[in-house]
Q: 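Next up is a structure, given as structure tokens.
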Amino acid sequence: MKFFKEKGNIFNLLSSAISEGIIVVNREQLIVATNNSANEMFGYSNGALIGKPLNTLIPQKFHHNHGNHFAGFMEKSGKRQMGQGRDLYGMRKNGEEFPVEAGLNPFEVDGAIYVMALVIDITQRKQQERQIGELNSQLEAKIEQRTKELKDIVLELRGEVTLRKEAESKAKMALKKERELNELKTKFLSLVSHEFKTPLSSILTSATLISKYELTEQQAKRDKHLDTIKNKVKYLDTILTDFLSVERLESGKVNYKFTTFPLSRLVNEVIYDANMLLKTGQNIHYPDNIDDVIIDFDEKILELILSNLIHNAIKYSPEYSPIDIQVEHNKKMITLKVIDQGMGIPKAEQKHIFNRYFRAENALLTQGTGIGLNIVKGHLENLGGSISFTSEENRGSTFNIQLPVLQNMKLT
């Protein structure tokens, strides 16, 4: 519970935009964190549920079984949908019971085990299911009656049956999409929890150690820990920026600003920043034919795109390996290539590489969120460009960015 008190602002930032309720409990089934949606769903004010037992939100008639269900889940310790094969109910502060659907996900923070529940109020869905059931019963009775009376009416009812089947098919499809979305959100929260845990732990450790180096001659050690804190904060800022970029791309709120600028200036800035991330013996080969290339594009977006690809090349390549940047251009298209000799992408997984949150099996031990390439592809498609790649496992990858040449672009 201490972790959530200290990191409450981060939890609120990540969960406030999610419409479903989020409830986090510890091993003792005490509530340690909730988001606004959960508070509103159950009728409590912000913070009112913290420290209360989970049974506060469960109808009294289910209390005797809930302890055994929770103990069984903690023993198996795996993600799953709660209440499979059973109807689940929550209880609001005013005593009102309502049907819910919940997905459970255990995780560990600072040696303590917690369970995150993603809760959805399915009152409307249950009403719709009952309505569909009643409609089916009515239609079946009507078909049976009319069949006995007139063949012409039977033909007419076949059209109604078709509509009923279409409605059922649409309802099933909607339910499937809803569950897929819930799984994606659960995966997102798990990813965020994992990606924030490591840098936050490093920041805490370095901040603690700095205070122990009080002597002047220990300045180098203080500087080392300060650099660690700066790097981890920058990494966290990058993650949050990526998440905000995803939201803007999905909502169509990205405002692109086209300017005319020399491509060499942007490439120089990106490589300069990337040099600070290089592993021992790594080096970046600068393209030798772009000094006279003037481009008309959104400079910040192109910097984001190129930085993402170069940082990936550094991260997934070994020490003492080169990274080549190449540029090709003609009257219609400019092509930027980022070539590495890294771990490559397994052939069977290459079709998923631009999917959000996807990470190849051979890259799971390397820090990352799996959304960078998804953002790059989204921006390029919005701006009329494209991205492609070739890759061979343990041999390296080549990523190609293609940008259209506008009428006012100069190539000399």
Q: One pair to check against side chain to side chain contact (heavy atoms under 4.5 Å, CB included): Arg125 and Thr123. What are the steps and the verdict?
A: CA-CA 5 Å; Arg125 187 201 302 170; Thr123 300; over 6 Å; no
Q: What I want to find out is whether Glu97 reaches Arg92 closely enough, with some N-O distance under 4.0 Å, to be called a salt bridge.
A: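 Answer for the salt bridge query: no.
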Q: Would you indicate whether the side-chain heavy atoms of Ser37 and Glu20 approach each other to under 4.5 Å?
A: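 Sidechains of Ser37 and Glu20: no contact.
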Q: State, with a plain yes or no, whether a side-chain heavy atom of Asn283 is found less than 4.5 Å away from one of Tyr320.
A: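 Not in contact.
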Q: Between Ser321 and Ser317, is there a donor-acceptor pair closer than 3.5 Å when you use the side chain of the first and the backbone of the second?
A: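 Between the backbone of Ser317 and the side chain of Ser321 there is no qualifying donor-acceptor contact (under 3.5 Å).
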Q: What I'd like to find out is whether the side chain of Asn105 reaches to under 4.5 Å of the side chain of Val115, using heavy atoms alone.
A: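 Not touching, per the 4.5 Å side-chain cut-off.
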Q: Using 30° and 60° as the class limits, which term best fits the ring planes of Tyr114 and Phe107: parallel, tilted or perpendicular?
A: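 Judged by the thresholds at 30° and 60°, the geometry between Tyr114 and Phe107 is parallel.
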Q: Quick one, Phe98 with Met41, criterion side chain to side chain contact (heavy atoms under 4.5 Å, CB included). Give me CA distance, side-chain angles, the key distance, then yes/no.
A: CA-CA 10 Å; Phe98 64 102; Met41 184 185 304; 3.8 Å; yes
Q: Among side-chain atoms of Asp291 and Ser264, is any donor-acceptor pair under 3.5 angstrom?
A: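 Asp291 vs Ser264: no donor-acceptor pair found between side chains.
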Q: Are the side chains of Ile284 and Asn275 in touch, meaning some heavy atoms are under 4.5 Å apart?
A: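 Answer yes - side chains close enough.
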Q: Please assess Leu373 against Phe399 for the test side chain to side chain contact (heavy atoms under 4.5 Å, CB included), listing each intermediate value before the final yes or no.
A: CA-CA 10 Å; Leu373 289 177; Phe399 279 84; 4.1 Å; yes
Q: Tell me, which pairs form a salt bridge (charged side-chain N to carboxylate O under 4.0 Å, His left out) where one or both residues lie in residues 384-396, sequence neighbours left out?
A: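 Matches after skipping sequence neighbours: Glu392-Arg395.
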Q: Would you call Glu134 and Arg130 a salt bridge, using N to O less than 4.0 angstrom?
A: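 No, Glu134 and Arg130 are not salt-bridged.
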Q: Can a donor-acceptor pair be found between the side chains of Thr260 and Asp296 at a distance below 3.5 Å?
A: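 The answer is yes; a qualifying pair exists.
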Q: Should we say atom NZ of Lys224 is surrounded by more than 12 heavy atoms from elsewhere, each under 6.0 Å from it?
A: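 Not more than 12 within 6.0 Å, no.
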Q: Answer with yes or no whether the side chains of Asp340 and Tyr316 bring together a donor and an acceptor at under 3.5 Å.
A: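 No, no side-chain donor-acceptor contact under 3.5 Å.
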Q: Counting only N and O atoms by type, is there a donor-acceptor contact under 3.5 Å from the side chain of Asn35 to the main-chain atoms of Gly21?
A: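 No: the side chain of Asn35 does not pair with the backbone of Gly21.
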Q: Between Ile314 and Leu278, is any pair of side-chain heavy atoms under 4.5 Å apart?
A: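 In contact.
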Q: Does a side-chain heavy-atom distance below 4.5 Å link Gln326 with Pro287?
A: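 Gln326 does not reach Pro287 side chain to side chain.
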Q: Glu381 and Lys377: salt bridge (Lys or Arg N to Asp or Glu O under 4.0 Å), yes or no, with the steps?
A: CA-CA 6 Å; Glu381 289 178 348; Lys377 188 172 186 291; 2.4 Å; yes
Q: Do the ring planes of His379 and Tyr256 sit parallel (below 30°), tilted (30 to 60°) or perpendicular (above 60°)?
A: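 Geometry flag for Tyr256 against His379: perpendicular rings.
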Q: Could you walk me through whether Ile310 and Ile325 satisfy the side chain to side chain contact (heavy atoms under 4.5 Å, CB included) test, starting with their C-alpha distance in whole Å, then the side-chain angles of each, then the deciding distance to 0.1 Å, before giving a yes or no?
A: CA-CA 9 Å; Ile310 293 178; Ile325 313 298; 3.8 Å; yes
Q: State whether the number of non-hydrogen atoms from other residues, nucleotides or ligands found under 6.0 Å of Glu319 atom CD is greater than 12.
A: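 Counting neighbours around CD of Glu319, more than 12 heavy atoms of other residues, nucleotides or ligands fall under 6.0 Å, so yes.
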Q: Going by an N to O cut-off under 4.0 Å, is there a salt bridge joining Lys337 and Glu328?
A: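 Salt bridge flag = yes for Glu328 with Lys337.
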Q: Not counting sequence neighbours, which residues clear ring-ring contact (aromatic ring centres under 6.0 Å, His included) with Tyr286? List them please.
A: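 Per chain and number, Tyr286 pairs via ring-ring contact (aromatic ring centres under 6.0 Å, His included) with no residue.
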Q: Would you say Tyr44 and Thr56 make side-chain contact, with heavy atoms under 4.5 Å?
A: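 Yes - at least one pair of side-chain heavy atoms lies under 4.5 Å apart.
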Q: Side chains of Leu266 and Leu306: does their closest heavy-atom pair fall under 4.5 Å?
A: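 Yes. Closest side-chain heavy atoms under 4.5 Å.
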